[in-house]
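Side-chain atoms are counted along with the backbone in the values below, which use heavy atoms only and exclude waters and symmetry mates. Just so you know, residue 1 is the first one in the sequence shown, and it goes up from there. Whatever order the structure lists them in is the order used to number ligands and atoms, beginning at 1. Given the structure is predicted, the values throughout are model-derived calculations rather than measurements.
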Amino acid sequence: MNDYTVWRPYCQMKTAPAPIEVIAAEGNTLVTAKHGRLLDGMASWWSACHGHRHPHIVQAIQTQMDKLPHVMFGGITHEGAERLATRLTKIVPGELSHVFFADSGSVAVEVAMKMAMGVARRRGHSQRRRFLAFDHAYHGDTTGAMSLCDPQRSMHRQYSGGILQQFHCPLPRNAQTYEAMRRLLEVNQEQIAGIFVEPLVQGAGGMRFHDPVVLDRIREACDHFGMLMIVDEIATGFARTGTLFAMQQADVDADIVCVGKALTAGTLTMAATLARPEVFDAFWSDDSSDALMHGPTFMANPLACAAANASLDLFESQPRCEQAQVIGETLRRVLAPARCLPGVTDVRTFGAIGVIEMEKETDWTAITGLLLRRGVWLRPFGKLLYTTPPLTLNIDEITQIGEAMVAAITELGSSRSHRTS
Ligand SMILES: *Cc1c(COP(=O)(O)O)cnc(C)c1O
C-alpha cells in the first residue's frame, strides 16, 4: 500500500485509471514511461501554444533564472513585468491600459470581480455586488469564480448553497434570449455590477461555440444598464480561435479582460486582469482603504514574465493565427466521418478546437486507452471528446489526432455491439 496519496484533479480516484507518467516533453509530443511518445492533443490544457520546450522560451527562462527567478511585487518592480504590461496593453483589443498580474486564471477572475465591485461602489451603487454569467459558463475553481459557473450543470454544483449566488441566463443568441437577458437585468439591475462572458467559445462548461453578435448584444446591455463587461479570454486568448483574441471577431470593447492559460506558452503559472482607465480610477483616491487589496505571493513572477515576453515574440514572428485556422480546417475534414457513428450527436470545429459530442457520458477509460495505442493524448470529459492542440502541429500530426478520435469512437461502438450480440 502507498503511504501517501497525490490527490488528482477532477478525478473520482476510486474508479479512475492510474495517471500516465510523463518524463519529458518536446515540441508537440509528450515522452511517457509506458506509452512511448504521445502527441499532446490538449496542449496541456490549452497552454502549450508553441509546443513544449520551444528553444526561444527555454532560453528566456534560463537567462532570467540566472538573474532574478523571483522577487515580491509589493513595493518592487522589474523590467520583465513592465515590458509585459506594455505589450499586453498593445495587443489586447480595446483601451485596456491597466494590468494586474495574477498567478492563475481563477485568481484573475476573482480580481476582475473585485474591480467591478469597486467601480460600482465608486459610482454610488455599493449594493451592486453580484454578477450575471451564462448557462454552461466556466470561469474557474476558486469560490468566487465557481459562483460564475453554470450552477446546475457545472462540476461545482455540489457546493451550491456554500458559494455566492449569482445570476445566470442563456447566452443571448437570438431575439428571444436577448429579451430574457434584458428582463433579468431590468429586474435585478440594482444588484449587478457586471456581466462575465467567455468570448465565442464556452470551454470547460461544454465546448460550445457562439456567434460574435452575442458579444455585441452583451455590450449593448452593459451600456444600457451601466454594468461592466468582463471578457474571460483565459481559454480563447493567444490565437486559439484563429485571431489573437476571440473578441477581435466581434466589434466590441470590454471593460475588463482576463488572460491566462497560454500566456506563458505552457511553462509557468501566470494570468492577468486588464482594465480600462475608468476601472482603475475607481480605486484612485487619497484614502488608502479605497485601494485594490489583492496581491498573490508569486504575482508577476519574473520567470513567468520572461516566458510570456518570449511567447509574445513568437506570436509576432510566427503565423500562429493562420496555423490555428489550418488546424480547424483539417480537423473539420478529418472528424466529419464521426457524424455517422452511433452515439455521436454533434461534431464541431472552431479555430484550433475540434469536438465530438456524444449522446451520453461514454467509457472514457476505454477511449483513452484506444487513443494511447495510436500515440495520442486526450482527456475527454462529460459527453465530449475534444482536442485543443499546440498551434505548431503539422498536417500529419493534426490528421493523426483527428483520425485517432474517429477510430476510438468507432472501435468503442463496435466492441459494444459485439458484446451485446
Ligand atoms: C481554465 C479557465 C479558467 C481558470 O484558470 P486556472 O488557471 O485553471 O485557474 C478560467 N476561465 C476559463 C475560461 C478557463 O478556461
Side-chain angles (χ1 to χ4, degrees), residues 7-11 42-49 92 100-116 131-151 153-156 163 166 168 171 194-210 214-215 218 229-241 245-247 254 256-274 294 296-301 304 307-308 311 350-353 355 379 381-382 384 386-389:
W7 207 322
R8 314 282 318 152
Y10 309 120
C11 179
M42 306 294 293
S44 291
W45 275 334
W46 314 65
S47 66
C49 49
V92 178
F100 190 97
F101 289 111
D103 49 358
S104 74
S106 301
V107 171
V109 168
E110 301 280 346
V111 169
M113 295 172 84
K114 285 187 177 177
M115 286 179 178
F131 295 90
L132 174 69
F134 296 98
D135 293 355
H136 304 282
Y138 175 79
H139 294 286
D141 292 351
T142 52
T143 51
M146 220 158 64
S147 72
L148 300 167
C149 299
D150 186 309
R153 300 174 190 87
S154 93
M155 55 185 153
H156 302 313
I163 54 178
Q166 309 293 3
H168 287 85
L171 276 169
I195 305 182
F196 272 85
V197 62
E198 294 156 89
L200 308 194
V201 180
Q202 292 182 308
M207 304 298 291
R208 295 157 65 94
F209 309 146
H210 57 261
V214 166
L215 300 179
I218 293 169
M229 178 169 181
I230 304 146
V231 174
D232 180 349
E233 287 261 15
I234 292 167
T236 49
F238 304 105
R240 179 58 57 188
T241 67
F245 295 94
M247 277 172 64
I256 300 175
V257 170
C258 301
V259 296
K261 287 202 163 85
L263 175 59
T264 63
T267 57
L268 288 143
T269 179
M270 174 178 240
T273 311
L274 285 84
H294 208 101
T297 305
F298 287 96
M299 171 173 187
N301 171 253
S311 175
F350 179 53
I353 305 170
V355 183
R379 185 168 155 87
F381 72 88
L384 306 171
Y386 74 103
T387 179
T388 54

* Report the C-alpha distance between Met113 and Leu148 in whole Å, list the side-chain angles of each, state the deciding distance to 0.1 Å, and finish with yes or no for side-chain contact (heavy atoms from CB on, under 4.5 Å). => CA-CA 10 Å; Met113 295 172 84; Leu148 300 167; 4.0 Å; yes
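- Ring orientation note: the planes of Phe381 and Tyr386 are nearly perpendicular, at an angle over 60° on the 30°/60° scale.
- Evaluation of the salt bridge (charged side-chain N to carboxylate O under 4.0 Å, His left out) rule for Asp150 yields Arg153 as partners, not counting sequence neighbours.
- A distance limit of 4.0 angstrom between heavy atoms and ligand 1 selects the residues Ser104, Gly105, Ser106, Tyr138, His139, Gly140, Glu198, Asp232, Ile234, Ala235, Lys261.
- Not less than 6.0 angstrom separates the ring centroid of Phe134 from the ring centroid of Phe196.
- Taking both residues in full, the closest heavy atoms of Cys258 and Thr273 are given as SG-CG2, 4.3 Å, listed atom of the first, atom of the second, then distance.
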* Asked: For His139 and Asp232, what are the C-alpha separation, side-chain angles and deciding distance, and is it a side-chain hydrogen bond (donor to acceptor under 3.5 Å, both in side chains)?
  -> CA-CA 7 Å; His139 294 286; Asp232 180 349; 2.8 Å; yes
